[in-house]
Amino acid sequence: MKILVTGGAGFIGANFLNLLVPRHPEHTFVNADKLTYAANLASLAGIASAPNYRFTRVDIADAAAVDALFDEHQPELVVHFAAESHVDRSIAGPREFVRTNIEGTFNLLESARRIWGSGNGLFHHVSTDEVYGSLGDTGLFTETTRYDPSSPYSASKAASDHLVRAYHRTFKLPVKLTNCSNNYGPLQFPEKLIPLMIMNALDGKPLPVYGQGTNVRDWLYVIDHCEAIWTVVNRGAVGETYNIGGNNEVKNIDVVHTLCAVLAEQTGRSEESLRGLITYVKDRPGHDLRYAIDASKLRRELGWGPTETFDTGLRKTVRWYLEHQSWVADVRTGEYRKWIEQNYGNR
Ligand code: NAD
Ligand code: DAU
């Protein structure tokens with residue numbers, strides 16, 4: 001089968017491809033990515049020359065380029081990861097979020113409908129629990145929770161989810177959706193909470209905790225997310241949505257304390273001095289208090305469950321960052337961006 005993966009040079013997309021390209025030599029995976037600041041082709045070094053893998057630089061917000069991509073590769077399955085993904089960036093500058101997340105998804109749906117007609121192919125849309133807004137102290141997000149997004153990022157993802165469902169209802173495009181909680185693990189760009197805290201701690205820089213640090217996120221190891229997506233692609237029902245989560249709610253301040261403990265253990269530094277770097281800073285505007293996923297539909301109907309606990313996943317993650325500091329240095333210094341422009345600037 002020909003599989004088009006969008007955004008496969010980002011955090012989750014690269015983990016997905018690294019997992020599945022070697023496992024499925026019978027499928028061809030085409031990775032279409034714009035290579036924004038969040039992408040890193042070095043994340044895909046292990047599969048770059050695999051015979052069943054291709055990379056192509058494409059901006060999904062460019063309708064003509066998306067049409068050409070579908071014409072050239074004739075995918076039978078699309079797994080759509082590409083997005084602007086960082087909430088704080090969406091507050092600082094929302095335009096790219098509307099462009100990529102809404103218009104980009106729209107362009108992919110239009111091209112899929114054009115080449116597939118009705119009833120053929122499969123469009124798997126990767127989305128977020130943030131579309132449901134914020135929970136109070138109790139309750140869980142289910143697949144029928146009302147959409148109530150708070151940030152430009154989550155509003156743009158909500159709009160893209162609605163477009164995907166509308167193409168199914170109106171044009172009979174075969175679609176599936178997954179809405180997942182916060183991921184962590186190897187290859188995550190160091191703007192997100194966990195890698196940012198790891199890298200700042202290693203550099204002896206402040207660990208900036210928003211507000212009181214009492215906001216809660218439901219953390220899931222990235223490979224568990226990728227396995228869940230593949231399970232839904234293969235065995236989920238067309239037109240359905242599945243929530244994915246780790247049943248693992250942690251307050252932000254507790255995430256940071258645990259990271260200090262794991263870092264102390266793995267580097268020999270003093271846990272107390274690492275904790276001393278914690279600095280409470282101005283809260284994020286519109287900061288959702290709590291996310292927590294009810295993933296019982298996915299467990300019950302498709303038998304999926306996470307394999308990592310927060311403890312095992314976090315240890316693996318810290319170890320990965322300790323062993324791959326040059327990966328982080330590359331994405332931070334801008335040398336990598338320069339290389340991309342020199343090598344892919346004209347594509
Ligand atoms: P990321 O920011 O690490 O990577 C996004 C990728 O998309 C990058 O490779 C980037 O170059 C690419 N991209 C951005 N704009 C593009 C465009 N216009 N055309 C083509 N490619 C473009 O994001 P991530 O954390 O890997 O998230 C992947 C998907 O999963 C997103 O749709 C996100 O909403 C969703 N999601 C993320 C999380 C999480 O915790 N990170 C949780 C649930 C859902
Ligand atoms: O819930 C799924 C979502 O999780 C995904 O859809 C998003 O793409 C992904 O970025 C993530 O969104 P969050 O806003 O929850 O992740 P972030 O890592 O930015 O922040 C996690 C929590 O930590 C949040 O409550 C804000 C807080 N935070 C974050 C940063 C970057 C801090 O306290 N300090 C920080 O410096």
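Predicted, not measured: the structure shown is a model, and the values here were computed from it. Atoms within a ligand are numbered from 1 in the order they appear, just like the ligands themselves.
- The OH atom of Tyr53 sits 11.0 Å away from atom CZ of Phe29, with the distance rounded to the nearest 0.5 Å.
- With a 6.0 Å cutoff to the six-membered ring centre and a 45° limit on the axis angle, Arg290 does not count as a cation-pi contact of Phe141.
- Evaluated for a side chain to side chain donor-acceptor pair (under 3.5 Å) with Ser156, the options Asn101, Thr105, Asp161 yield exactly one hit, Asn101.
- Using a 4.0 Å cut-off between a side-chain N of Lys or Arg and a carboxylate O of Asp or Glu, Arg284 and Asp88 qualify as a salt bridge.
- Of the listed residues (His287, Glu191, Arg284), the one carrying the non-hydrogen atom nearest atom 19 (O) of ligand 2 is Arg284.
- Closer than 4.0 angstrom to ligand 1 lie heavy atoms from Gly7, Ala9, Gly10, Phe11, Ile12, Asp33, Lys34, Leu35, Thr36, Ala38, Ala39, Val58, Asp59, Ile60, Phe81, Ala82, Ala83, Ser85, Thr100, Val126, Ser127, Thr128, Tyr153, Lys157, Cys180, Ser181, Asn182, Asn183.
- Under 4.0 angstrom from ligand 2, the non-hydrogen atoms of Lys192 come from both its backbone and its side chain.
- Among residues two or more places apart in sequence or in another chain, the side-chain hydrogen bond (donor to acceptor under 3.5 Å, both in side chains) test is passed with Asp218 by none.
- For Tyr167, the side-chain hydrogen bond (donor to acceptor under 3.5 Å, both in side chains) partners are Glu110, not counting sequence neighbours.
- Checked by distance only, ligand 2 and Glu130 come closer than 3.5 Å through their nitrogen or oxygen atoms.
- Contact annotation for Val87 and ligand 2: only side-chain heavy atoms (C-beta onward) come within less than 4.0 Å of the ligand.
- Distances between N or O atoms of Asn252 and those of ligand 2 include at least one value under 3.5 Å.
- For the side-chain hydrogen bond (donor to acceptor under 3.5 Å, both in side chains) condition, the pairs that include at least one residue of residues 228-238, sequence neighbours left out, are His24-Trp230.
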